[in-house]
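This report concerns only the one structure given below.
Side chains are part of it too, since the values below use all heavy atoms of this structure and drop only hydrogens, waters and symmetry mates.
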Amino acid sequence: MSQKYDIFINGQLGTCGHLQTFLGFAPAHLLYSQSFADTLSEDTGIGYQRPRNVSHSRSFRHYIDQPETSTIPLTFNLRKSKSKDWQIKILDKNAGYAVLQMCSTSKPLAQVDCQHRIGELSDLDILLSFMAF
């Protein structure tokens, strides 16, 4: 059965450290809708992020919605366990051009370094840079 991808983000494929990495730009609301926070449960020891600080998230929303502001790229992990919901299609191997293809019914992007910044951006159209490994 062939997977149907309905989200396409153009970007650049390269290596960061020892991992293949995709760099791209996408609207904040799209990155929010396609991602999840892997919050640590102290009871079970599962997960690895501290809980999102809502006040910090609201402050970031206010900041990034102002003129002449920017931020460092958001960092995500494209989980292998969700590989049926995403793929990276290489367009030009020499130049590194690629397209990240995802299913809108899934959340394949695990938030690695961005849960506080993206937490209150579910309805914002502003473009943000991101990397996914």
>> side-chain contact (heavy atoms from CB on, under 4.5 Å), that's the test. Do F76 and Q111 meet it? Break it down for me.
In response: CA-CA 5 Å; F76 298 98; Q111 299 167 6; 3.8 Å; yes
>> Using side-chain contact (heavy atoms from CB on, under 4.5 Å), reason through I72 and R117 one step at a time and then give a plain yes or no.
In response: CA-CA 10 Å; I72 59 175; R117 288 180 283 157; 3.4 Å; yes
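Annotation: side-chain contact (heavy atoms from CB on, under 4.5 Å) contacts of S83 (sequence neighbours excluded): W86. Applying the ring pair (Phe, Tyr, Trp, His ring centres under 6.0 Å) test to H29 and every residue at least two apart in sequence or in another chain returns nothing. Under the side chain to side chain donor-acceptor pair (under 3.5 Å) criterion, D6 pairs with S104, not counting sequence neighbours. Scored by the side-chain contact (heavy atoms from CB on, under 4.5 Å) test, H56 finds N53, H116 as partners (sequence neighbours excluded).
Among all heavy-atom pairs drawn from C103 and Q34, the shortest one is O-NE2, 3.1 Å. Between T71 and S129, the shortest heavy-atom contact is O-OG, 4.3 Å. Taking every heavy atom of both residues into account, G119 and S57 meet most closely at CA-OG, 4.0 Å.
For the atom pair CG (D85) and NZ (K4), the distance works out to 14.0 Å, reported to the nearest 0.5 Å. Rounded to the nearest 0.5 Å, atoms CG (D113) and CD1 (I118) are 11.5 Å apart. Between the CG atom of L128 and the CG atom of L31 there is a distance of 6.5 Å, given to the nearest 0.5 Å. One distance of note links CG of L121 with CD1 of I64; it measures 8.0 Å at 0.5 Å rounding. With rounding to the nearest 0.5 Å, the separation of NZ in K82 from CG in N77 is 11.5 Å. Taking CE of M102 as the reference point, atom OG of S35 lies at 9.0 Å (rounded to 0.5 Å).
In this structure, L78 is not a member of the same hydrophobic cluster as F25, with clusters built from ILVMFWY side-chain heavy atoms closer than 4.5 Å. When the side chains of ILVMFWY residues are joined at heavy-atom separations under 4.5 Å, either directly or via intervening members, F130 and I126 end up in a single hydrophobic cluster.
A 4.5 Å side-chain heavy-atom check between L109 and L74 finds every atom pair outside the cut-off. At least one side-chain heavy atom of P27 sits under 4.5 Å from a side-chain heavy atom of L127. Taking 4.5 Å as the limit, every side-chain heavy atom of R79 sits out of range of all side-chain heavy atoms of P108.
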Result block: side-chain N/O donor-acceptor pairs under 3.5 angstrom for residues 12-24, not counting sequence neighbours:
unit_1	atom_1	unit_2	atom_2	d
Q12	NE2	A95	O	2.5
T21	OG1	L19	O	3.1

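Sorted by first and then second residue, the salt bridge (charged side-chain N to carboxylate O under 4.0 Å, His left out) pairs involving residues 61-77 (not counting sequence neighbours) are R61-D123.
Stacking of K89 on the aromatic ring of Y5 is not recorded, the 6.0 Å distance cut-off and the 45° axial limit not both being met.
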